[in-house]
Amino acid sequence: MTEARVKRVLGRAGAAVPWRGWDRPGRWRRGRVLAALAALTALLLVAPGVVPNTPGRLGSLLEAFLPWLGLAVVPLLTLAVLRRSALALVAGVLPVLAWAYAFGGLFLPAGDPGPRDLVVVQHNVSDVNADPAGTARALAAEGADLIALEELVPGALPAYEKTLAAAYPFHEVRGTVGLWSRHPLSGTRTVDIKPADITEGWSRGLRTVARTPYGEVAVYVAHLPSFRLGAGGLGTARRDESARLLGRALDAEATGQVIVLGDLNGTVDDRGLAPLTSRLNVSKRGFAFSFPASFPLARIDQVMARGATVGRVRTLPGTGSDHLPVTARVTLD
C-alpha cells in the first residue's frame, strides 16, 4: 500500500496522521521565533559572558543557575512539535548539545585515588543549627583530613570542639570560621575580607598551614557575604569585593600548595568569583548542589586549590543546616 493510500485510509477513518503537516514546504518556515530562542539558549549556555552584569548583575544571576537553563529545551521542543516546525525541532537540538558541552563532563567518573591525596569537607553549619554535636559527628564520620566550618557562633563552638577533638586534635577558629585537622597547624592568622561598608565586627576568613605527610599546605577558610535578589537585581557588590580581597591574599601567599574551602555564596561559573577561579583550580566532576538543603539549586560551597587538583565534589547527607556539606579529594602536585 502506498503512503498516499495509507493517508487516505486513515483520513477517512478519522484517525490522526502523525506526519501530516511535516511533509509540507512550510515546515521549514514555521517556528522561526522558536528556532531563534533555541539558538539563543545554546549561546547563553556556552557563553554566558555575553550577558552584561549591569544593570542588576544579570550576568551573575544567569551564571548562578546556569545548568538549569537546560530545562528550556523541554518547552522549546514541545512547542516545535505542536507547531509542526522542522526548523524549530532541529534548532531545539542546539541547546541540548550546548548543555552537554558545558556540563556533560561533570558526569564522568572520578579518577583513581592518588598517593598524595587529602580528603576535605566543607560545611556552612548554620548559626541556628539546633544540633551542633550531631552535625559534628556526621562530618567526622567521613574520615576527612580537613574539615572547614562557617557560621560558628559562640554558643555552638564548644560542641564542635568537644565532638571533633578525638579525631581532629588540631583546630583553629577565627571569628565565625574554623578548620579542624588531623595534621598539625601553624602560622594561623585572620584574613581580612571584610567589605569597606561593613563597620561592625566581622571576621570571616582565616589562613593556616597544615603540615601533611606530603608537605606543607596553606589552607584558607572563607565565608563571603551573601547576595540578595531584590527589585534592583542581584545584590553581589559586597560578595564581589570580598572575593577580590581574598584573591589579593592568595597572590601574596608564598606556599606553593594551597587549598581554599568555604561558603563563597557563588558558583564557579559566576563571574563575581573570577578573582578566585582565575587563580585556583576547581573541580571538573560533580554538580554537588549544596544550597538550599531542602531543595538544592546551586553549589555555593566550594573546594578550590593551587598546586593541586580537586577531584569530584559530592554532597553529604543533610545536617541541621540549610546547606549540605560537600567533600572532595584534593591531589597535591
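It should be emphasised that the depicted structure is a prediction, and the values quoted were computed from it without experimental measurement.
- Salt bridge status for Arg314 with Glu142: present, with a side-chain N to carboxylate O gap under 4.0 Å.
- Of all heavy-atom pairs between Val330 and Ala305, the closest is CG1-CB, 4.3 Å.
- Residues Ala64 and Thr267 approach most closely at O-CG2, 3.3 Å, considering heavy atoms.
- At least one donor-acceptor pair under 3.5 Å links the side chain of Arg30 to the backbone N or O of Arg83.
- Nearest heavy atoms, Ala136 versus Leu164: O-CD2, 3.5 Å.
- For the side chain to side chain donor-acceptor pair (under 3.5 Å) with Gln257, the qualifying choice from Arg116, Glu216, Arg306 is Arg116, the only one to do so.
- One distance of note links CZ of Phe65 with OG of Ser60; it measures 11.0 Å at 0.5 Å rounding.
- In this pair, Phe287 and Trp99 present their aromatic rings parallel. The plane angle is below 30°, not in the 30 to 60° band.
- With hydrogens and angles disregarded, no donor-acceptor distance shorter than 3.5 Å links the side chain of Thr176 to the backbone of Arg204.
- Looking at Arg207, its side chain does come within 3.5 Å of a backbone N or O of Gly187 through a donor-acceptor pair.
- Atom-to-atom distance recorded for Ser226:OG and Asp263:CG is 6.5 Å, nearest 0.5 angstrom.
- Here Arg57 contributes atom CZ and Arg271 contributes atom CZ; the two are 10.0 Å apart, rounded to the nearest 0.5 Å.
- Evaluated for a side-chain contact (heavy atoms from CB on, under 4.5 Å) with Leu62, the options Val50, Leu69, Asn53 yield exactly one hit, Leu69.
- Side-chain polar atoms of Thr331 and Asp117 form a donor-acceptor pair below 3.5 angstrom.
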When you look at Val125 and Tyr160, which way does the side chain to side chain contact (heavy atoms under 4.5 Å, CB included) test go after all the steps?
CA-CA 10 Å; Val125 296; Tyr160 291 106; 3.2 Å; yes

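- No side-chain donor-acceptor contact under 3.5 Å links Gln302 to the backbone of Leu264.
- Put simply, the side chain of Tyr168 reaches to within 4.5 Å of the side chain of Ile147, judged on heavy atoms.
- Atoms CG and CG, on Asp301 and Leu261 in that order, are 10.5 Å from each other to the nearest 0.5 Å.
- The residue from Leu139, Val173, Leu146, Val121 that alone fulfils the side-chain contact (heavy atoms from CB on, under 4.5 Å) condition with Trp180 is Val173.
- Looking only at distances, a side-chain donor or acceptor of Arg239 sits under 3.5 Å from a matching main-chain atom of Asn265.
- In this structure, the ring of Phe289 has its center less than 6.0 angstrom from the ring center of Trp68.
- The shortest non-hydrogen separation linking Val73 to Gly92 is CG1-O, 4.3 Å.
- Remark: the backbone N or O of Ala80 is not paired with any side-chain donor or acceptor of Arg84 at under 3.5 angstrom.
- With Leu34 as the partner, the side-chain contact (heavy atoms from CB on, under 4.5 Å) test is satisfied by one option alone out of Leu79, Thr78, Leu82: Leu79.
- Between Thr208 atom OG1 and Leu206 atom CG the span is 7.0 Å, to the nearest 0.5 Å.
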